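One structure is given below, encoded as structure tokens.
Keep in mind the model is a prediction, meaning the values are calculated, not measured.
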Amino acid sequence: MKALVLSGGSGTRLRPFSYSMPKQLIPIANRPVLEHVLVNIRDLGVTEIGVIVGSWAAEIAAVIGDGSSLGVRVTYIQQGAPLGLAHAVRLARGFLGEDDFVMYLGDIMLPDGVVEIAADFRARRPAAHVVAQRVPDPRAFGVVELGADGAVRRLVEKPRWPRSDLAMVGVYFFTAAVHEAVDAIVPSRRGELEITDAVQWLVSRGLPVRATEYRGFWKDTGRPDDVLECNRRLLGELGGRVELGPMTRLVRSRIDGPVIVGANTLIEDCLIGPNVSIGRDCVLRGTRLSDSIVLDGASILEVPGMSGSIVGRSAVIEPAGSEAARYRLLVGDNTRVEIAPAAR
């Protein structure tokens with residue numbers, strides 16, 4: 001089995017961070033989302049991974065490299081424009097060959113993994129096997145309708161009137177039968193080759209298509225609040241522990257776990273935690289920080305209270321006044337913020 005990971009999206013909902021980095025590289029517990037995805041795929045016993053990239057190809061390759069540090073082999077496949085998930089499968093035809101494969105969106109978090117679902121696919125080998133979860137409002141998703149035997153009867157992309165609350169989470173298992181389906185479909189009204197249309201093509205021709213209801217944690221990291229929720233979820237695996245990177249210094253500070261701090265960071269006269277991840281080469285002084293993510297190289301100086309915040313790479317946050325307050329900030333890379341009393 002091979003894998004195909006989709007990492008070509010622009011991430012408009014994650015601005016300001018996606019102005020200067022691809023959303024797949026936003027760190028969750030100090031590791032990029034895409035790295036979590038590749039590790040999940042490796043845990044399936046799959047090591048040959050094609051990664052679809054767009055305009056952020058160089059940035060993604062600089063972080064992930066050839067995948068050897070994660071125990072996998074990565075092949076990058078360029079997609080000139082985001083023309084749909086099925087279009088990505090068409091582009092990857094040469095890489096995939098006739099092998100079975102798992103297709104995985106590069107911006108979703110499934111920390112509980114999909115090992116059992118992969119085993120079921122390997123045992124049964126239907127033409128397609130999709131992973132779905134029940135959601136309160138499925139109108140923003142591809143929706144799966146199941147028969148009594150668990151087989152897929154119908155799939156609809158973002159239906160106005162859903163007949164099911166099972167939304168596809170962004171993980172799909174395929175045999176080579178999907179390539180004929182991808183070649184047969186036409187672009188949707190939004191101009192994309194939809195993977196739901198390809199799977200529906202398989203269903204309409206009587207090929208076996210199955211679905212599994214996923215009951216673990218699933219989150220699309222498309223919005224800042226989703227990123228923070230994922231960070232809390234993964235840090236929760238530490239219990240109440242604190243992990244400090246090499247050469248990190250604590251001076252007259254208290255840390256309430258779970259907290260993870262990267263290498264060569266200075267924390268001085270601070271109260272940090274819980275649920276905080278701080279990157280490498282950061283400086284925090286005189287600051288109270290909880291439920292937040294601080295990216296590499298950022299500085300937070302004399303800010304009396306921050307929570308629910310994301311601070312971009314090499315950003316600087318400092319006071320322009322002395323009033324005590326509590327802040328929720330979303331600060332992009334290389335940005336300087338002065339917090340003045342008038343702005344509170």
Point to revise | Basic-acidic side-chain contact under 4.0 Å: Arg285, Glu302 | key: no

Practice item. Look at Arg153 together with Glu145 and state whether they make a salt bridge at an N to O cut-off of under 4.0 Å. Key: no

Point to revise | Leu250 and its side chain to side chain contact (heavy atoms under 4.5 Å, CB included) partner, picked from Ile255, Val242, Val261 | key: Ile255

Review point. How would you list, by chain and number, every residue that makes a side chain to side chain donor-acceptor pair (under 3.5 Å) with Tyr172, sequence neighbours excluded?
Key: none

Review point. Do Asn275 and Asp291 meet the criterion of a side-chain donor-acceptor pair at a distance under 3.5 Å?
Key: no

**Study point:** Flag for Glu194-Ser188: side-chain donor and acceptor within less than 3.5 Å
**Key:** yes

Point to revise | Greater than 12 external heavy atoms within 6.0 Å of Arg205's CZ | key: yes

Exercise for review: For atom CZ of Arg122, decide whether the heavy atoms of other residues, nucleotides or ligands shown that lie under 6.0 angstrom number more than 12.
Suggested key: yes

Review point. Which one of Leu6, Leu4, Asn40 satisfies the side chain to side chain contact (heavy atoms under 4.5 Å, CB included) criterion with Tyr104?
Key: Asn40

Exercise for review: With Ile41 as reference, evaluate Val171, Val114, Ile49 under the side chain to side chain contact (heavy atoms under 4.5 Å, CB included) test and give the passing residue.
Suggested key: Ile49

Point to revise | Over 12 foreign heavy atoms within 6.0 Å of CD, Glu213 | key: yes

Practice item. Show your reasoning for whether salt bridge (Lys or Arg N to Asp or Glu O under 4.0 Å) applies to Arg190 and Glu157. Key: CA-CA 11 Å; Arg190 58 179 186 167; Glu157 183 67 26; 3.7 Å; yes

Review point. Would you say the ring centroid of Trp218 lies under 6.0 angstrom from that of Phe141?
Key: yes

Check your understanding: With under 30° as parallel and over 60° as perpendicular, where do the rings of Phe101 and His179 fit, or are they tilted in between?
Key -> parallel

Review point. Sub-3.5 Å donor-acceptor pair from the side chain of Arg124 to the main-chain atoms of Phe121, do we have one?
Key: no

Check your understanding: Is Glu116 atom CD crowded by more than 12 heavy atoms from other residues, nucleotides or ligands, each under 6.0 Å away?
Key -> no

Review point. In terms of side-chain geometry, is the basic nitrogen of Arg313 or Asp296 positioned less than 4.0 Å from the acidic oxygen of its partner?
Key: no

Check your understanding: Got a sec: does the CZ of Arg139 have more than 12 other heavy atoms crowding it under 6.0 Å?
Key -> no

Check your understanding: Any salt bridge between Asp225 and Arg223, counting N to O under 4.0 Å?
Key -> no

Review point. With distance as the sole criterion, is a donor-acceptor pair present between the side chains of Asp100 and Thr175 under 3.5 Å?
Key: no

**Study point:** Side-chain donor-acceptor contact under 3.5 Å, Thr196 with Gln200
**Key:** no

Point to revise | Main-chain N/O of Gly273 paired to Ser290 side chain as donor or acceptor, under 3.5 Å | key: no

**Study point:** Gln79-His87 side chain donor-acceptor pair, cut-off 3.5 Å
**Key:** yes

Exercise for review: Could you tell me whether Arg233 and Asp112 make a salt bridge, using a distance below 4.0 angstrom between a side-chain N and a carboxylate O?
Suggested key: yes

Check your understanding: Between atom OG1 of Thr47 and atom CG of Leu38, what is the distance when rounded to the nearest 0.5 Å?
Key -> 12.0 Å

